[in-house]
Colleague: 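Once you've had a glance at the structure underneath, I'll fire off some questions.
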Amino acid sequence: MRGLLDVLADDARSGMPPFPWWLDGPASITAAMSAAMSAALSASDACAGDRLVPAGVAGGCWTLGQYRPDADGALRPFALLVVELRGGRIGDVVTYLGHGDRFAAFGLPAFLPDR
């Protein structure tokens with residue numbers, strides 16, 4: 001988590017609309033990530049097996065496609081992440097769930113091949 005703290009801006013935020021889920025500040029973000037990692041070690045993690053793929057820049061922010069394994073293990077579009085930098089550090093991360101139909105607009109493939 002030290003590495004994550006090093007790249008987060010002092011006023012970093014993370015959210016996932018339309019859910020009223022917002023994390024304010026590096027401490028909140030790293031606490032949530034630590035809890036997720038602990039859960040992954042003791043049980044199944046919702047993001048285990050996911051893969052992020054750079055999708056260029058949208059509105060001046062980095063954009064990533066998040067792929068998640070389906071029931072057959074194929075990696076399919078799951079979410080778009082928009083990452084805003086401030087002062088060379090991560091300022092905001094907004095995760096848009098359910099936007100797999102928009103992947104083509106960002107030049108992302110409909111699925112990813114096996115590792």
Side-chain angles (χ1 to χ4, degrees):
M1 287 299 114
R2 180 73 231 160
L4 179 58
L5 275 173
D6 290 343
V7 299
L8 291 174
D10 294 338
D11 61 346
R13 292 186 63 192
S14 180
M16 194 179 303
F19 302 106
W21 181 80
W22 286 96
L23 300 172
D24 290 310
S28 294
I29 294 168
T30 56
M33 295 301 127
S34 291
M37 289 178 69
S38 294
L41 295 175
S42 62
S44 67
D45 179 19
C47 294
D50 287 14
R51 197 174 326 163
L52 295 175
V53 176
V57 176
C61 298
W62 287 355
T63 305
L64 304 166
Q66 180 180 356
Y67 290 81
R68 177 162 288 175
D70 65 13
D72 297 321
L75 291 164
R76 303 285 179 189
F78 178 71
L80 288 169
L81 285 77
V82 178
V83 180
E84 181 181 348
L85 299 179
R86 282 196 294 279
R89 298 169 86 189
I90 296 172
D92 291 299
V93 178
V94 181
T95 302
Y96 295 96
L97 301 174
H99 288 279
D101 59 330
R102 302 284 301 148
F103 274 44
F106 290 92
L108 293 166
F111 69 94
L112 294 179
D114 291 339
R115 296 174 200 243

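Only a predicted model underlies this, so the values are computations on that prediction, with no experimental measurement involved. Here, residue 1 is the first one in the sequence, and each next residue gets the next number.
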Colleague: Would you name the heavy atoms of Pro77 and Gly100 that are closest together and state the gap between them?
Modeller: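 Closest approach of Pro77 to Gly100: CB-CA, 3.5 Å.
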Colleague: Quick one: does Val94's side chain get under 4.5 Å of Leu81's, heavy atoms only?
Modeller: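 Of all side-chain heavy-atom pairs linking Leu81 with Val94, none is under 4.5 Å.
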Colleague: With clusters defined by side-chain heavy atoms of hydrophobic residues (ILVMFWY) lying less than 4.5 Å apart, directly or transitively, does Leu108 cluster with Phe111?
Modeller: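 Cluster IDs for Phe111 and Leu108 differ.
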Colleague: Of all the heavy-atom pairs spanning Phe103 and Ala79, show the shortest one and how long it is.
Modeller: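 Minimum heavy-atom separation between Phe103 and Ala79: CZ-O, 3.3 Å.
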Colleague: Write down the atom of Ala9, the atom of Pro26, and the distance for their closest heavy-atom approach.
Modeller: O-CG, 3.2 Å
Colleague: Quick one: list whatever passes side chain to side chain donor-acceptor pair (under 3.5 Å) with Arg76, sequence neighbours left out.
Modeller: Asp70
Colleague: Hey, are the side chains of Leu8 and Ile29 touching, using non-hydrogen atoms and a 4.5 Å cut-off?
Modeller: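 Yes - at least one pair of side-chain heavy atoms lies under 4.5 Å apart.
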Colleague: Could you list all the side-chain hydrogen bond (donor to acceptor under 3.5 Å, both in side chains) pairs where at least one residue sits in residues 89-112, not counting sequence neighbours?
Modeller: Arg86-Asp92
Colleague: Might you work through the side chain to side chain contact (heavy atoms under 4.5 Å, CB included) test for Leu75 and Arg68, ending with a clear yes or no?
Modeller: CA-CA 5 Å; Leu75 291 164; Arg68 177 162 288 175; 5.8 Å; no
Colleague: Can you give each donor-acceptor pair under 3.5 Å made by side-chain atoms of residues 13-24, sequence neighbours left out, with the distance rounded to 0.1 Å?
Modeller:
unit_1: Arg13; atom_1: NE; unit_2: Asp24; atom_2: OD1; d: 2.8

Colleague: List the atom pairs, with distances to 0.1 Å, where a side-chain N or O of residues 53-67 and a protein N or O form a donor-acceptor pair under 3.5 Å, not counting sequence neighbours.
Modeller:
unit_1: Gln66; atom_1: NE2; unit_2: Asp50; atom_2: OD2; d: 2.5
unit_1: Tyr67; atom_1: OH; unit_2: Pro109; atom_2: O; d: 2.7

